[in-house]
Amino acid sequence: MSEMTWKEFLAQAQEFLKISEQLGDCWVLYEKDASEPNTFLKYSQKIKCKESNDGYVTLINVEYHVVYSVSYQVPMLLFQAHRSDGSLLDLEATWRVFMPDTASKDLYQMLTQTDHPVLFRPFMALHPCRTAEVLDQFGEPSANRVLTFISLYGPHVQLQLANAYGLSK
C-alpha cells in the first residue's frame, strides 16, 4: 500500500527538499511547531492565465503546500491563488483557471475548498481519497512517494517539476 506514516512523509519531504536545493529550485520545508503533523513543503510561483473571456491575461500568484493527510495517510496538495491585486480566487474562478477542460460534474470530486490542516485557513485542495490507489498503480513502491505524488498531481494545478527531479539520487 502507498499509505505512509507521518515519519515517512517527513523523511521523504526532507529528501525532496535536498533534491530541490541541489537543483536550485525554491521549495521550502515550513515547520509551524514540533507537533505532528505541523510541517509541510511550500512552493510559490506566478502563472499567466486568461481568467475571463475578455482576452486579458492575468498574473496569478500561487502558493502550493504539500501536507500530510492524517485521515488518508498520504500526501495532499493544497494551494491558494491570488490575483496581482491581492484578491483571492474563489472556487469557481479557480476551476476556470486550473481545470478549464474538466466536466463541471467532476470538479467537486477533484478540487474543492477546505481548511488547511496546519494553518487553519481556507485553501483549495486536490482531494486525497484516491491518492494511495493512484500511487499503488505503479507496482513497485517509489523510493520517494512525496516526489512521485507531486509529479503526478502537480500538473493538474499547473505545478510542474523539472525532469531532473526524477534523475536525482
Side-chain angles (χ1 to χ4, degrees), residues 1-49 60-82 94-95 97-99 101-102 106-107 109-119 121 123-169:
M1 286 297 279
S2 288
E3 293 172 346
M4 60 194 327
T5 66
W6 160 247
K7 289 183 194 261
E8 290 171 326
F9 171 83
L10 186 57
Q12 291 179 26
Q14 290 167 336
E15 184 61 34
F16 176 86
L17 185 63
K18 287 179 188 173
I19 297 168
S20 171
E21 290 168 351
Q22 290 171 356
L23 297 175
D25 214 348
C26 298
W27 285 86
V28 296
L29 193 62
Y30 177 86
E31 184 177 25
K32 180 179 175 185
D33 57 41
S35 300
E36 293 182 11
N38 283 347
T39 302
F40 57 87
L41 287 164
K42 180 176 159 181
Y43 182 78
S44 297
Q45 71 176 356
K46 294 180 186 332
I47 60 171
K48 292 180 184 176
C49 69
I60 305 290
N61 298 306
V62 187
E63 184 174 291
Y64 300 95
H65 293 187
V66 178
V67 302
Y68 179 71
S69 170
V70 174
S71 301
Y72 292 95
Q73 297 178 326
V74 293
M76 183 175 174
L77 181 59
L78 295 97
F79 67 97
Q80 278 192 332
H82 297 264
T94 302
W95 285 339
V97 169
F98 292 94
M99 298 186 157
D101 300 325
T102 303
D106 298 329
L107 288 170
Q109 295 174 18
M110 297 173 61
L111 180 67
T112 190
Q113 191 171 22
T114 189
D115 281 339
H116 193 291
V118 178
L119 302 178
R121 296 190 325 240
F123 270 69
M124 299 298 167
L126 289 172
H127 201 280
C129 65
R130 299 194 59 197
T131 300
E133 180 183 334
V134 169
L135 293 174
D136 280 343
Q137 291 178 1
F138 289 92
E140 191 171 319
S142 166
N144 189 317
R145 287 172 286 173
V146 170
L147 170 58
T148 302
F149 168 78
I150 297 169
S151 298
L152 291 171
Y153 280 71
H156 293 286
V157 290
Q158 298 187 32
L159 174 60
Q160 308 286 342
L161 290 180
N163 289 340
Y165 275 93
L167 303 174
S168 299
K169 292 192 178 196

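Hydrogens, waters and symmetry mates are skipped; everything else that's a heavy atom, side chains included, is used. For reference, positions follow the sequence shown, starting with 1.
Looking only at side-chain heavy atoms (C-beta outward), Ile150 and Trp27 come within less than 4.5 Å of each other.
Paired with Phe16 under the rule side chain to side chain contact (heavy atoms under 4.5 Å, CB included), one option of Leu29, Asp25, Val66, Leu161 passes, and it is Leu161.
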Next on the checklist: Between Thr148 and Tyr153, does the side-chain contact (heavy atoms from CB on, under 4.5 Å) criterion hold? Intermediate values first, please.
Outcome noted: CA-CA 9 Å; Thr148 302; Tyr153 280 71; over 6 Å; no
Checklist entry - Going through the distances and angles, do Val62 and Lys46 end up as a side-chain contact (heavy atoms from CB on, under 4.5 Å)? => result CA-CA 6 Å; Val62 187; Lys46 294 180 186 332; over 6 Å; no
Checklist entry - How far apart are the C-alpha atoms of Ser35 and Asn38, what are their side-chain angles, what is the distance that settles it, and do they pass the side-chain contact (heavy atoms from CB on, under 4.5 Å) test? => result CA-CA 6 Å; Ser35 300; Asn38 283 347; 3.6 Å; yes
Checklist entry - Are Phe9 and Val146 close enough, and set up right, to give a side-chain contact (heavy atoms from CB on, under 4.5 Å), and what steps lead you there? => result CA-CA 7 Å; Phe9 171 83; Val146 170; 3.8 Å; yes
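Between Gly154 and Leu77, the shortest heavy-atom contact is CA-CD2, 4.0 Å. Taking all atoms of both residues into account, the shortest heavy-atom contact from Leu126 to Met76 is O-CG, 4.0 Å. Across all their heavy atoms, Ala132 and Glu3 have their closest contact at CB-CG, 4.0 Å. Here the closest non-hydrogen pair linking Ala125 and Thr114 is CB-CG2, 3.5 Å.
Judged by distance alone, with hydrogens and angles left aside, the side-chain atoms of Lys32 form a donor-acceptor pair with the main-chain N or O of Val118 at under 3.5 Å. Side-chain atoms of Gln45 come within 3.5 Å of backbone atoms of Gln158 as a donor-acceptor pair (strictly under, hydrogens ignored). Of the possible donor and acceptor atoms, one in the side chain of Trp95 sits under 3.5 Å from a partner among the backbone N and O of Leu111.
For Tyr72, the side-chain contact (heavy atoms from CB on, under 4.5 Å) partners two or more places apart in sequence, or in a different chain, are Ser69, Val74, His127, Pro128, Cys129. In this view, Lys42 and Val28, Phe40, Glu63, His65 satisfy the side-chain contact (heavy atoms from CB on, under 4.5 Å) rule, not counting sequence neighbours. Here Tyr68 pairs with nothing under the side chain to side chain donor-acceptor pair (under 3.5 Å) rule; sequence neighbours left out.
Separation of atoms CD1 (Ile19) and CD (Gln14) is listed at 12.5 Å; rounding is to 0.5 Å. Atom OG1 of Thr5 and atom CD of Gln73 lie 8.0 Å apart (nearest 0.5 Å). Taking CZ from Arg145 and OG from Ser151, the interatomic distance works out to 14.5 Å, rounded to the nearest 0.5 Å. A distance of 3.5 Å separates OG in Ser20 from OH in Tyr165, rounded to the nearest 0.5 Å. Rounded to the nearest 0.5 angstrom, Leu78 CG and Arg121 CZ are separated by 11.0 Å. We find the CD-CG distance between Glu31 and Asp33 to be 7.0 Å, quoted to the nearest 0.5 Å.
Between Tyr64 and Gln80, the side chains place no donor N or O within less than 3.5 Å of an acceptor N or O (distance only, hydrogens not considered).
Within a 6.0 Å radius of NZ in Lys7, other residues, nucleotides and ligands contribute 12 heavy atoms or fewer.
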